[in-house]
Amino acid sequence: MLMTQWLSKAQREAPVTLLLCSAMIAIYLVTAVQSQSFLHNIEYSSLAEDWVLYYPQMLVESWGWVRAITGAFIHIGPVHLGLNTIALFLFGREVEKGLGSVALFNAFLAGALGSSAAVIWFAPESPTAGASGAVYALMTLYVVVALRRRLEIRGLLVLIVVNILFTLMWSEVISVWGHFGGLAVGIALAIVTWAIRQKGVLNVAYILLCATCLGAVFWRLGLLSTTAPVLTTL
């Protein structure tokens with residue numbers, strides 16, 4: 001009964017956030033079934049193999065650029081999934097309540113694309129999975145949402161700094177460029193949100209930021225040039 005009431009409230013307040021979290025969980029379960037393992041869910045999973053962000057593979061696939069989005073929905077094990085799902089729900093819900101569902105979706109998409117762009121530009125040989133970059137973007141954007149509500153943000157700023165330090169300390173297993181790419185997009189989103197108050201104009205600005213991040217992905221893949229990218233051997 002309590003769970004039903006909680007889900008009903010979450011659906012009313014933040015339907016897109018709930019949908020994104022549900023999609024992440026559903027996709028994780030598919031990979032777990034395919035690999036027959038909850039801990040090693042990306043091993044022997046065709047979905048994970050097709051969706052994970054991996055620059056060399058993106059170069060040889062007709063729709064390789066789509067991995068810049070799908071990679072955000074692939075998670076490695078239940079802990080990775082749990083941390084990102086909880087963070088996405090907490091920050092996504094507040095952003096969606098403050099700015100609207102369309103803005104939340106566009107902010108998530110911009111964070112995912114910006115994170116992926118940073119990875120394929122600066123760490124192209126590293127297979128990467130997870131929504132952490134998008135979460136970083138939403139977490140940073142929430143600073144402005146909280147300021148508009150006149151909420152205390154010192155704890156939030158400390159949390160952001162702690163996450164940055166954690167990323168640097170565990171750089172061997174965490175995508176530094178993925179996190180920092182999401183952080184950079186989050187800063188851009190925050191600046192735009194602080195400057196623009198009209199929701200319609202703000203949504204257009206978010207879409208333009210998504211297009212810019214996608215353009216960075218296309219540029220890296222050679223899709224915006226007339227010459228084909230050269231695939232080097234590993």
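Computed over heavy atoms, backbone and side chain alike; hydrogens, waters and symmetry mates excluded.
A distance-only check finds no donor-acceptor pair linking the side chain of Arg93 to the backbone of Ala14 [under 3.5 Å]. For the pair Trp51 (side chain) and Ile27 (backbone), a donor-acceptor distance under 3.5 Å is absent. Between the side chain of Ser35 and the backbone N or O of Asn41, at least one donor-acceptor pair lies under 3.5 Å. A donor-acceptor pair under 3.5 Å is formed between the side chain of Arg148 and the backbone N or O of Thr193. Under the 3.5 Å distance criterion, the side-chain polar atoms of Ser132 are left unmatched by any main-chain donor or acceptor of Gly130. With hydrogens and angles ignored, the 3.5 Å screen pairs a side-chain donor or acceptor of Arg220 with a backbone N or O of Ile120.
Looking at Ser37 and Glu43, their side chains never bring a donor and an acceptor atom within 3.5 Å of each other. Defined by atom type and a distance below 3.5 Å, a donor-acceptor pair is present between the side-chain atoms of Thr167 and Tyr136.
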Derivation and outcome, side chain to side chain contact (heavy atoms under 4.5 Å, CB included), residues Tyr55 and Leu59: CA-CA 6 Å; Tyr55 176 66; Leu59 286 173; 3.7 Å; yes
Taking it one step at a time, do Phe91 and Leu159 satisfy side chain to side chain contact (heavy atoms under 4.5 Å, CB included)? CA-CA 12 Å; Phe91 293 109; Leu159 179 62; 3.5 Å; yes
Chi angles and distances behind the side chain to side chain contact (heavy atoms under 4.5 Å, CB included) call for Ile74, Leu53: CA-CA 9 Å; Ile74 299 294; Leu53 179 71; over 6 Å; no
Leu99 and Leu141: side chain to side chain contact (heavy atoms under 4.5 Å, CB included), yes or no, with the steps? CA-CA 10 Å; Leu99 301 177; Leu141 174 58; 4.1 Å; yes
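Applying the 4.5 Å side-chain rule to ILVMFWY residues, one finds Phe166, Trp170, Val173, Ile174 in the same cluster as Met169. Connectivity analysis of hydrophobic side chains (ILVMFWY, heavy atoms under 4.5 Å, direct or indirect) links Val102 to nothing; its cluster partners are none. With side-chain heavy atoms closer than 4.5 Å counting as contact, directly or through intermediates, the hydrophobic cluster containing Val161 also holds Leu165.
Atom-to-atom distance recorded for Met139:CE and Leu88:CG is 12.0 Å, nearest 0.5 angstrom. Note: Leu29 CG to Leu47 CG = 11.5 Å, rounded to the nearest 0.5 Å. The line from CD1 of Ile187 to OG1 of Thr140 is 6.0 Å long, rounded to the nearest 0.5 Å. Put simply, CD1 on Ile25 and CG on Asn84 are 11.5 Å apart, with the number rounded to the nearest 0.5 Å. For the atom pair Lys199 NZ and Tyr206 OH, the distance stands at 10.5 Å (nearest 0.5 Å). The CE atom of Met24 sits 7.5 Å away from atom CZ of Phe73, with the distance rounded to the nearest 0.5 Å.
Residues Leu147 and Ile153 have side chains in contact (heavy-atom distance under 4.5 Å, counting atoms from C-beta outward). A heavy-atom distance below 4.5 Å is found between the side chains of Tyr142 and Leu151. Inter-residue side-chain proximity for Phe89 and Thr85 is flagged as unmet; no heavy-atom pair is nearer than 4.5 Å. Between Arg149 and Glu94 there is a side-chain heavy-atom pair separated by less than 4.5 Å. The shortest distance between side-chain heavy atoms of Val185 and Leu113 does not fall below 4.5 Å. Within the 4.5 Å cutoff, the side chain of Pro78 has heavy atoms near those of the Leu39 side chain. Put simply, the side chain of Phe180 does not reach to within 4.5 Å of the side chain of Phe122, judged on heavy atoms. For the pair Pro56 and Glu125, the minimum side-chain heavy-atom distance is below 4.5 Å.
Aromatic ring centres of Tyr28 and His75: separated by at least 6.0 Å.
Taking each heavy atom of Leu104 and Gly92 in turn, the nearest pair found is CD2-O, 3.7 Å. Of all heavy-atom pairs between Ala134 and Ala112, the closest is CB-N, 3.9 Å. Taking every heavy atom of both residues into account, Ala129 and His80 meet most closely at O-CE1, 3.3 Å. The two atoms that bring Thr70 and Arg67 nearest to each other are OG1-CA, 3.2 Å, heavy atoms only. The two residues Ala117 and Ala216 come nearest to each other via the heavy atoms CB-CB, 4.0 Å.
Clustering ILVMFWY residues whenever any of their side-chain heavy atoms sit less than 4.5 angstrom apart, transitively, puts Phe108 in the very cluster that holds Val66. Both Leu223 and Leu214 sit in one connected hydrophobic cluster of ILVMFWY residues. Membership requires side-chain heavy atoms under 4.5 Å apart, directly or through other members. A continuous path of Ile, Leu, Val, Met, Phe, Trp and Tyr side chains, each step under 4.5 Å between heavy atoms, connects Ile191 with Leu109, placing both in one hydrophobic cluster. Connection of Val79 to Val162 is not established within any shared hydrophobic cluster, with ILVMFWY side chains joined at heavy-atom distances below 4.5 Å, either directly or through further cluster members. Tyr44 and Tyr54 are members of different hydrophobic clusters when ILVMFWY side chains are connected at heavy-atom separations under 4.5 Å.
The local environment of CD in Gln36 is sparse, with at most 12 non-hydrogen atoms from other residues, nucleotides or ligands closer than 6.0 Å. Counted within 6.0 Å of CD on Gln34, heavy atoms from surrounding residues, nucleotides or ligands total more than 12; the atom is thus considered enclosed.
Here side chain to side chain donor-acceptor pair (under 3.5 Å) pairs that include residues 97-107, with residues two or more places apart or in two chains, are Glu96-Ser101.
Checked against salt bridge (Lys or Arg N to Asp or Glu O under 4.0 Å), Glu152 has the following partners two or more places apart in sequence or in another chain: Arg154. Looking at residues two or more places apart in sequence or on another chain, you find no ring-ring contact (aromatic ring centres under 6.0 Å, His included) involving Phe105.
Aromatic ring pairs are classed by plane angle as parallel below 30°, tilted from 30° to 60° and perpendicular above 60°; the pair Trp65 and Phe218 is perpendicular.
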